Enquirer: 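Shown below is the structure under consideration.
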Protein chains: 2
Amino acid sequence: MNSNITIYDVAREAAVSMATVSRVVNGNPNVKPSTRKKVQDAIEQLGYRPNAVARGLASKKTTTVGVIVPDISNIFFADLARGIEDVATMYKYNIILCNSDQNREKEIHLLNTLLGKQVDGIIFMGGRLHEDLVREFKTSPVPIVLAATLNQDYDLPAVNIDYESAAHDAVKSLIDRGHERIGFITGPLEQQINGEKKFAGYRRALEEANLPFNEQNVVLGNYTYDSGMKAMNQLLELGEDCPRAIFAGTDEMALGVIHALQDAGHRVPEDFEVIGHDNTRLATMIRPKLTTVVQPMYDIGAVSMRLLTKILNKEEIETNDVTLPHRIEQRDSTRP
Amino acid sequence: MNSNITIYDVAREAAVSMATVSRVVNGNPNVKPSTRKKVQDAIEQLGYRPNAVARGLASKKTTTVGVIVPDISNIFFADLARGIEDVATMYKYNIILCNSDQNREKEIHLLNTLLGKQVDGIIFMGGRLHEDLVREFKTSPVPIVLAATLNQDYDLPAVNIDYESAAHDAVKSLIDRGHERIGFITGPLEQQINGEKKFAGYRRALEEANLPFNEQNVVLGNYTYDSGMKAMNQLLELGEDCPRAIFAGTDEMALGVIHALQDAGHRVPEDFEVIGHDNTRLATMIRPKLTTVVQPMYDIGAVSMRLLTKILNKEEIETNDVTLPHRIEQRDSTRP
DNA sequence: CCTTCATTGTAAAACGTTTTCATTCGCTTT
DNA sequence: AAAGCGAATGAAAACGTTTTACAATGAAGG
């Protein structure tokens with residue numbers, strides 16, 4: 001309809017130059033009110049809609065940022081993405097969303113695609129940061145911030161919670177309830193967040209209570225419900241030695257744990273206590289409701305995007321590496 | 001690093017014209033192999049990365065499509081989005097993702113933003129299509145396809161399942177089990193999908209079985225878990241008259257229903273049978289596992305995007321209005 | 001009434017591609 | 001050897017903005 005009408009048409013209609021039209025479109029104050037009015041009327045009349053691509057070329061700003069997540073259909077990243085999008089909207093940015101499936105080559109490819117599209121910045125989420133990816137990040141022509149993603153050297157802008165401490169708190173709360181054997185169902189240990197952080201927190205809590213670490217109590221999952229069930233069933237095979245308190249690395253796995261337990265005829269929290277991690281909406285959609293570590297995904301997304309805007313605007317920044325607070329939400333999968 | 005090097009630099013380095021560089025970058029066959037090689041080497045050497053914005057301006061194609069969803073943090077739309085993104089990637093498109101919150105003004109605003117960004121097409125999801133939005137859609141300079149979204153006149157490209165029939169089947173299966181009072185927990189009736197389709201299916205199933213329609217058996221929810229609980233509790237207040245079979249408009253509400261029932265000391269499926277709708281991943285994350293109508297969200301997304309690419313490529317199209325099959329996934333919230 | 005300095009407006013040069021059209025090149029064909 | 005022809009290349013004009021460098025206008029100061 002109006003997609004073929006240009007700034008030049010508006011200029012002609014309003015009998016001014018295109019620079020003037022550009023000024024009014026961009027809110028430049030150096031335009032006489034009467035002229036502004038004239039131009040606005042012309043815009044209205046013609047149904048003019050500025051071409052963002054041309055604008056991007058001329059100004060070298062696209063008001064678009066790239067977002068790379070492992071998988072948007074994962075409730076966890078979906079929440080994060082929503083946080084990002086909300087503050088992006090607030091600052092007039094749009095989001096190009098990409099799924100990486102945590103695949104290193106895809107990640108690099110997506111990064112290059114996004115840079116080719118001239119995004120003004122990028123927000124990245126991923127489990128493991130390969131060195132070559134980090135290298136690319138560091139030489140990127142636009143700022144990149146990590147959301148809920150650790151990098152070895154902590155020298156990239158990032159927003160996280162303190163995973164070590166969160167895991168520690170969760171496990172300690174279980175210990176404080178009198179448990180001596182604590183199961184830990186974790187995601188892949190290659191991922192720093194599991195292997196270095198949550199796991200360390202688990203061990204620290206044990207040590208502080210002078211409890212022995214027993215390898216058979218930690219079992220690997222892959223974040224999914226099914227893997228949580230499977231992991232719990234594996235623990236149950238320990239028989240007498242099976243831990244009666246479980247800390248699961250994600251809520252979804254925790255649900256699997258609880259159902260595996262219930263399917264085997266056990267009661268939660270009477271026979272077994274379980275704590276999850278993330279506080280996704282799932283946590284309240286199960287009976288018993290899940291006690292869980294709250295990782296504020298939405299906030300992490302929002303703060304990441306805000307941090308990115310700060311960098312883009314060259315605002316003063318206290319710290320590049322922000323740590324958001326966590327806490328444990330007490331529900332019914334642990335005893336009061 | 002390389003973001004300032006242009007096609008012109010490559011041309012100089014390879015001692016050819018920029019037109020030739022453009023040719024090799026775009027895979028134009030009319031380039032002598034030796035020249036092609038020379039250019040590719042220069043590209044490699046300089047780390048040249050084509051500027052998609054300039055490209056978009058010159059070619060009037062951005063290989064970007066806009067996606068408008070009510071709320072990406074909703075598992076339902078997240079799945080859909082993943083389907084869209086996957087086939088978009090397949091066809092070398094990127095996705096600009098926007099949340100509308102089903103807000104009419106936001107929807108219109110987003111549409112205009114996307115058109116301003118010169119997307120090649122748009123995929124839209126939303127509950128209710130206001131007339132002015134439909135008008136904008138019809139005059140849009142780029143194709144728009146509706147995903148899991150109805151429009152009154154069925155004259156826009158769209159991908160859906162047959163909601164009326166799906167609801168009918170669900171309710172009929174309940175009737176076939178001997179129920180005479182069937183509860184229907186629905187989303188807002190202004191939304192065509194509920195008010196016209198699912199509701200109609202519900203009534204048709206009743207009629208076909210010569211069962212009376214009773215208004216008190218249908219109660220409104222807003223798609224959320226909590227609203228499902230609340231709705232069920234409201235039904236329970238009917239006491240003796242409370243239906244013992246419930247059809248819930250979404251899985252999430254169905255979970256709420258089941259938990260409301262369990263919290264009140266009832267057993268599912270022994271005392272009450274429940275059928276959900278959508279078959280989100282939630283369906284298997286509850287005990288009893290949820291019997292539900294499967295609406296293939298991922299597929300709807302994927303097919304929508306595929307349809308869009310067909311339109312963009314001017315491929316032959318059988319029909320603009322595609323209906324995907326549905327079925328009922330039998331699980332444990334209904335008796336065998 | 002003439003300077004001088006803001007204030008507004010203009011013209012034109014970027015921005016980095018694609019694309020059109022013309023030209024040149026390297027071979028056959030005659 | 002000339003002509004012809006398709007393939008390969010190049011020159012330059014879009015594409016629709018922003019931005020820069022100026023010019024014109026008008027008001028204020030002397």
Side-chain angles (χ1 to χ4, degrees), chain A residues 2-40 42-43 46-64 92 113 115-120 141-142, chain B residues 2-40 42-43 46-64 92 113 115-120 141-142:
Chain A
N2 50 16
S3 71
N4 45 347
I5 92 103
T6 76
I7 199 173
Y8 186 74
D9 299 318
V10 176
R12 182 154 28 75
E13 177 79 12
V16 298
S17 74
M18 43 191 293
T20 300
V21 177
S22 176
R23 286 201 186 93
V24 353
V25 167
N26 292 290
N28 183 315
N30 285 348
V31 179
K32 185 161 47 169
S34 68
T35 312
R36 179 183 308 279
K37 176 80 167 64
K38 230 175 19 178
V39 172
Q40 280 166 339
I43 288 176
L46 269 42
Y48 167 67
R49 177 192 297 132
N51 180 325
V53 171
R55 210 197 277 240
L57 183 58
S59 68
K60 297 176 162 300
K61 303 241 156 296
T62 53
T63 58
T64 302
K92 316 274 190 208
T113 305
L115 293 179
K117 292 233 168 169
Q118 313 299 116
V119 294
D120 294 338
V142 303
Chain B
N2 49 15
S3 70
N4 44 346
I5 92 104
T6 75
I7 200 174
Y8 187 73
D9 300 318
V10 176
R12 183 154 24 77
E13 178 79 12
V16 298
S17 73
M18 43 193 291
T20 302
V21 177
S22 175
R23 287 198 186 90
V24 352
V25 167
N26 293 291
N28 183 316
N30 285 347
V31 179
K32 187 163 44 167
S34 68
T35 311
R36 181 184 306 279
K37 176 80 167 61
K38 234 177 14 179
V39 172
Q40 279 166 340
I43 288 177
L46 269 43
Y48 168 67
R49 178 192 296 133
N51 181 324
V53 172
R55 209 196 276 240
L57 183 59
S59 70
K60 297 174 162 302
K61 301 241 158 298
T62 53
T63 60
T64 302
K92 316 276 191 206
T113 305
L115 293 178
K117 293 231 167 170
Q118 312 299 120
V119 295
D120 295 337
V142 302

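The structure displayed is predicted, hence computed values, not measured ones. In what follows, every chain begins at residue 1, and chains take the letters A, B, ... in the order their sequences are listed.
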Enquirer: Which heavy atom of A:K38 sits nearest to which heavy atom of A:A14, and what is that distance?
Expert: CE-O, 3.4 Å
Enquirer: Under 3.5 Å, is there a donor on one side chain and an acceptor on the other for A:K117 and B:T64?
Expert: yes
Enquirer: Could you say whether B:S17 or B:K60 is positioned toward the 5' end of DNA chain D, judged by the nucleotide with the nearest heavy atom to each?
Expert: B:S17
Enquirer: Counting the atoms with a prime plus P, OP1 and OP2 as sugar-phosphate, which does B:V16 contact under 4.0 Å by heavy atoms, base, sugar-phosphate, or nothing?
Expert: sugar-phosphate
Enquirer: Does A:N26 place a side-chain N or O at less than 4.0 Å from the phosphate oxygens OP1/OP2 of D:dT18?
Expert: yes
Enquirer: Using a cut-off of strictly less than 4.0 Å, decide whether B:T35 has a side-chain nitrogen or oxygen near OP1 or OP2 of D:dT9.
Expert: yes
Enquirer: Heavy-atom nearest nucleotide on DNA chain C for B:A19 versus A:S59: which residue maps closer to 5'?
Expert: A:S59
Enquirer: Just how far, in rounded Å, is C1' of C:dT17 from CZ of B:R55?
Expert: 8 Å
Enquirer: Classify the nucleic acid contact of B:T20 as base, sugar-phosphate or nothing, counting any heavy atom under 4.0 Å across all strands shown.
Expert: sugar-phosphate
Enquirer: Should B:S22 be listed as having a side-chain N or O under 4.0 Å from OP1 or OP2 of C:dT18?
Expert: yes
Enquirer: What is the separation between atom CE on B:M18 and atom P on D:dA11, rounded to the nearest whole Å?
Expert: 11 Å
Enquirer: For A:V21 versus A:I7, what's the shortest heavy-atom pair and its separation?
Expert: CG1-CG1, 3.4 Å
Enquirer: Rounded to whole angstroms, how far apart are OH on A:Y8 and C1' on C:dA11?
Expert: 11 Å
Enquirer: Find the distance A:D9:CG to D:dC15:P and express it as a whole number of Å.
Expert: 11 Å
Enquirer: Name the residue from B:N26, B:T62, B:T63 that meets the side chain to side chain contact (heavy atoms under 4.5 Å, CB included) definition with B:R55.
Expert: B:N26
Enquirer: So A:V53, base contact, sugar-phosphate only, or nothing? Heavy-atom distance under 4.0 Å.
Expert: nothing
Enquirer: Please give, in whole Å, the distance from C:dC27 P to B:K32 NZ?
Expert: 9 Å
Enquirer: Let me know the distance between CD1 of B:I7 and P of C:dC15, rounded to the nearest Å.
Expert: 15 Å
Enquirer: Whole angstroms only, please: what is the CZ-C1' distance between A:R12 and C:dT10?
Expert: 17 Å
Enquirer: Out of curiosity, A:R12 CZ to A:T6 OG1, how far, rounded to the nearest 0.5 Å?
Expert: 7.5 Å
Enquirer: Assign each of B:A58 and B:N30 to its nearest nucleotide of DNA chain D by heavy atoms, then name whichever residue's nucleotide is nearer the 5' end.
Expert: B:N30
Enquirer: Distance criterion of 3.5 Å, no angle test: do you see the side chain of B:R23 paired donor-to-acceptor with the base of C:dT18?
Expert: no
Enquirer: Mind calculating the distance between CG (A:L57) and C1' (C:dA14) to the nearest angstrom?
Expert: 9 Å
